[in-house]
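We name chains A, B, ... by the order of the sequence lines, and we start the count at 1 in each one. Treat the numbers as computed from the prediction; the structure is a model and nothing was measured.
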Protein chains: 2
Amino acid sequence: MRRTDKHIDYSEDELEMAQFAKALGHPVRIKILMLLESQSCCFTGEMTAMIPLAQSTVSQHLKALHEAGLIQGEISPPRVKYCINRKNWAKARNLFGKFFAEKSAVSP
Amino acid sequence: MRRTDKHIDYSEDELEMAQFAKALGHPVRIKILMLLESQSCCFTGEMTAMIPLAQSTVSQHLKALHEAGLIQGEISPPRVKYCINRKNWAKARNLFGKFFAEKSAVSP
DNA sequence: ATCGCATATCGCAAATAGGCGATAAATGTT
DNA sequence: AACATTTATCGCCTATTTGCGATATGCGAT
């Protein structure tokens with residue numbers, strides 16, 4: 001996209017939230033995270049089995065979640081076990097929590 | 001992208017959350033929402049003045065937020081006043097709240 | 001050294017998103 | 001009716017995302 005050299009200064013929170021949100025912006029990735037949440041950890045293969053998408057596609061979604069910091073994977077050859085990244089999960093919870101915090105009053 | 005005819009069945013919640021998340025997946029849109037939250041309502045022009053992006057670009061982001069149901073606009077000629085859509089805001093809060101709900105224990 | 005398994009990465013195609021300027025649309029004002 | 005103001009939409013371009021199959025990689029087992 002054509003980009004100007006204007007720069008917008010975003011706060012850390014804004015950038016971080018947008019990044020988390022972006023990672024959450026696809027139903028498959030939501031599903032994967034719910035899976036990991038419900039059973040703490042999971043091998044890639046189990047997910048690939050449950051999700052009717054090509055193995056390479058699932059792998060890419062896992063990569064996206066990993067890069068966003070929402071999951072972490074430890075190798076357990078020949079497999080990889082993915083878990084929620086609890087530290088960043090908490091960070092995300094706080095960010096979204098603050099963001100959606102109930103305001104005293106409602107519509108003007 | 002090449003698409004198979006496989007279909008994945010997503011729950012309503014998964015789809016809705018992904019949709020909200022997608023809308024939140026850009027820092028400018030986070031900024032806009034924070035603005036609207038802080039001062040209840042705002043005209044497009046005020047936002048355009050605060051954000052160093054072309055008017056048409058800001059308008060598109062507003063459209064995206066509107067389509068995601070996060071904001072609503074009422075015309076007040078020749079301007080348009082945008083506010084948070086409280087109903088869906090609450091819905092989003094609930095979805096994200098449930099999603100990030102603290103689990104009793106931590107890492108295995 | 002080779003095989004087999006599970007996963008990641010590559011390269012491609014198609015769709016979507018993000019940016020802009022220019023223009024259209026809506027409406028109150030003169 | 002013509003104008004000014006504000007916002008939305010259009011067309012264009014580039015970048016990113018999403019999907020796939022094919023291939024590479026890593027590593028234990030043979």
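Rounded to whole angstrom, the span from the CD atom of B:Glu67 across to the C1' atom of C:dG18 amounts to 14 Å. B:Leu65 has its CG atom 12 Å from the P atom of D:dA8, to the nearest Å. Distance B:Leu62 CG to C:dG19 C1': 15 Å, rounded to the nearest Å. Summarising the geometry, the separation between CG on B:Leu53 and C1' on C:dG18 is reported as 10 Å, rounded to the nearest angstrom. As rounded to whole Å, 13 Å separates atom P of C:dA8 from atom CD of A:Glu74. The distance from atom NZ of A:Lys63 to atom C1' of C:dC10 is 10 Å, rounded to the nearest whole Å. Taking atom CD1 on B:Ile51 and atom C1' on C:dG19, their separation rounds to 14 Å, with Å as the unit. Regarding A:Ile8, its CD1 atom lies at a distance of 11 Å from the C1' atom of C:dG19, rounded to whole Å.
Between B:Tyr82 and B:Phe43, a ring centre-to-centre spacing not shorter than 6.0 Å is recorded. Aromatic pair A:Trp89/B:Phe99: centroids less than 6.0 angstrom apart.
Residue B:Leu15 places its CG atom among more than 12 non-hydrogen atoms of other residues, nucleotides or ligands, all under 6.0 Å distant.
Picking from D:dT9, C:dC20, D:dT18 the nucleotide with the shortest atom distance to the side chain of B:Thr57 gives C:dC20. With D:dT7, C:dA8, C:dT9 as the choices, the nucleotide that has an atom nearest any side-chain atom of B:Arg79 turns out to be D:dT7.
In this structure, A:Arg93 contributes its side chain and B:Phe100 its backbone to a donor-acceptor pair below 3.5 Å.
Here B:Lys22 reaches the OP1 or OP2 of C:dA17: one of its side-chain N or O atoms lies under 4.0 Å away. OP1 or OP2 of C:dT7 lies within a sub-4.0 Å distance of a side-chain N or O belonging to A:Thr44. A sub-4.0 Å separation between OP1 or OP2 of C:dG19 and a side-chain N or O of B:His61 is present. Taking side-chain N and O atoms only, A:His66 has no distance below 4.0 Å to OP1 or OP2 of C:dA8. Regarding contacts with the backbone of D:dA8, a side-chain N or O of B:Tyr82 is found under 4.0 angstrom from either OP1 or OP2. Contact between the side-chain N/O atoms of A:Ser59 and the OP1/OP2 oxygens of C:dA8 is found at a separation under 4.0 Å.
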Practice item. Scan nucleotides 24-30 of chain C nucleotide by nucleotide, 5' to 3', and note B when protein non-hydrogen atoms come under 4.0 Å of the base, S if they reach only the sugar-phosphate, - if neither. Key: ---S---
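In this structure, A:Phe43 and B:Gln60 both approach DNA chain C, and ranking their closest nucleotides by distance from the 5' end singles out A:Phe43.
A donor and an acceptor atom sit less than 3.5 Å apart, one in the side chain of B:Ser56 and one in the base of C:dG21. Applying the 3.5 Å distance criterion, the base of C:dA6 shares no donor-acceptor pair with the side chain of A:Gln55.
Counting heavy atoms from C-beta on, the side chains of A:Leu65 and A:Asn85 never come closer than 4.5 Å. Taking 4.5 Å as the limit, some side-chain heavy atom of B:Met50 sits within range of a side-chain heavy atom of B:Leu35. Here the side chains of B:Ile51 and B:Ile32 are in contact, with some heavy-atom distance below 4.5 Å.
Sulfur atoms SG of A:Cys83 and A:Cys41 are positioned under 2.5 Å apart.
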